[in-house]
Amino acid sequence: MVPELPEVETIRRQLAPLLVGRSVREAWGHPSPKFAAASEIVGSSVTGVDRRGKYLLVNLEDGRQLVLHLGMTGRVAIVPLSSPIDEDPYVRAWWAFEDGEVLVFNDVRRFGRLAVVRSGEYQGIPTLAAMGPEPLSPGFDGRILWEFSRRSSQRIKTQLLSQRPVAGVGNIYADEALFRAGVNPAVRRLSRARAELLADAIKDVLAAAVERGGTTLRDYRSLEGIGGNQFHLQCYGRGGLPCLRCGVILRSRVIDGRTTTSCPSCQS
DNA sequence: CGCAGCGCCTGAAGGC
DNA sequence: TGCCTTCAGGCGCTGC
């Protein structure tokens, strides 16, 4: 639904070859402080596109980065300059390149945002500055989750969504990983053994979703269309339906403001 | 410093 | 059919 790590990574892979080497000739940002910085990179050229958690990092030749967060409903697209960009009321920013194509950032609900920073200087973007390790990197393992949970008073699901123990996990993949690891989303501490199970589940769930091009539910679209992971969800969105492992009816409830689905038996 | 609470947004879906 | 309410939710900000 919402772009989480697999969806942002899918977009990054599609966007990178389309942007690298191009120079911004003209740009516009919605006057809201969330988007207004778009025009600061006129004259800069793109050297690469990276990702940290759910943030897209567009590297510029002048040592700065355009940081994009898609929020819930954000989308990016590359379109010809001749397209009717102004007719879409939800375009929040665009960047026109020398060669006549335009990167468009569309976001109906304006939960997304963008920033232009000196490369790696994220003090103005608190979640990015405090971001935990990339889950598909060697720097992430069960010990990280175990130690974080020892120091935290929050429920494990809320810890994951904070982006601090691990990067890029949102509501869909938190529910999926907790289900597959057999961990109750409401617990506040993890045993070392359960932390290992949860770390492995996070890696498995995210890696599989990246391979499938992300999960397409309501809002997410990659540049090239839709992902395929929605057909492989075992827990998210299945409240009231039988657990695929044990048959007990899955329970949906709100934990710290987030709809959460879990198995009362497998995740006890 | 950690964390709870709140506000931001608007289309979709559900109730009557 | 149409109006009203509720829901979706990532993250920044504020204040304890």
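Quick note: numbers below take in every heavy atom, side chains included, and nothing from hydrogens, waters or symmetry partners. Reminder, nothing fancy here: chain letters follow the sequence lines and each chain counts from 1.
- Phosphate proximity of C:dA8 to A:Y236: absent, as no side-chain N or O sits under 4.0 Å from OP1 or OP2.
- Taking the ring centre of A:F179 as origin, the terminal cationic atom of A:R245 falls inside the region bounded by 6.0 Å and 45° from the ring axis.
- Per the geometry, CG belonging to A:L70 stands 16 Å off C1' belonging to B:dC9, to the nearest Å.
- A close approach under 4.0 Å does not occur between any side-chain nitrogen or oxygen of A:S153 and OP1 or OP2 of B:dG2.
- Here B:dC9 presents its C1' atom at 10 Å from OH of A:Y90, a figure rounded to the nearest Å.
- Rounded to 10 degrees, the angle separating the terminal helix axes of the helix from B:dG2-C:dC16 to B:dC16-C:dG2, each built from five base pairs, is 40°.
- Between A:E7 atom CD and C:dG9 atom C1' the separation is 14 Å, expressed in whole Å.
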Quiz prompt | Test side chain to side chain contact (heavy atoms under 4.5 Å, CB included) applied to A:S265 and A:C243, step by step | solution = CA-CA 9 Å; A:S265 176; A:C243 173; over 6 Å; no
Self-check item: Heavy-atom protein contacts under 4.0 Å, nucleotides 10-16 of chain C, coded B base, S sugar-phosphate only, - none
Solution: BBS----
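- In this structure, A:D107 places its CG atom 11 Å from C1' of B:dT10, rounding to the nearest Å.
- In this structure, CG of A:D88 is placed 12 Å from P of B:dG11, rounded to the nearest angstrom.
- Contact between the side-chain N/O atoms of A:Q154 and the OP1/OP2 oxygens of B:dG2 is not found at any separation under 4.0 Å.
- A:V108 places none of its side-chain heavy atoms less than 4.5 Å from the side chain of A:R75.
- Connectivity analysis of hydrophobic side chains (ILVMFWY, heavy atoms under 4.5 Å, direct or indirect) links A:Y122 to A:Y55, A:L57, A:V67, A:V117, A:I125, A:L128, A:M131.
- Of the inter-residue distances, the one linking A:L56 atom CG with A:L114 atom CG reads 11.5 Å to the nearest 0.5 angstrom.
- For the pair A:K157 NZ and B:dC3 P, the interatomic distance rounds to 18 Å; values are reported in whole Å.
- Taking atom CZ of A:F35 as the reference point, atom P of B:dC8 lies 15 Å away to the nearest angstrom.
- For the atom pair CD1 (A:I85) and CG (A:N106), the distance works out to 11.0 Å, reported to the nearest 0.5 Å.
- For A:S44 and A:R64, the side-chain atoms include at least one donor-acceptor pair closer than 3.5 Å.
- Annotation: side chain of A:N59 is not in contact with side chain of A:V20 (no heavy-atom distance under 4.5 Å).
- Partner A:V91 forms a side-chain contact (heavy atoms from CB on, under 4.5 Å) with one of A:F35, A:W28, A:F105 and no other, that one being A:W28.
- Among the atoms of the strands shown, only primed sugar atoms or phosphate atoms (P, OP1, OP2) are found under 4.0 Å from some heavy atom of A:R164.
- Listed pair A:S152 / B:dG2 fails the phosphate criterion, with no side-chain N or O lying under 4.0 Å from OP1 or OP2.
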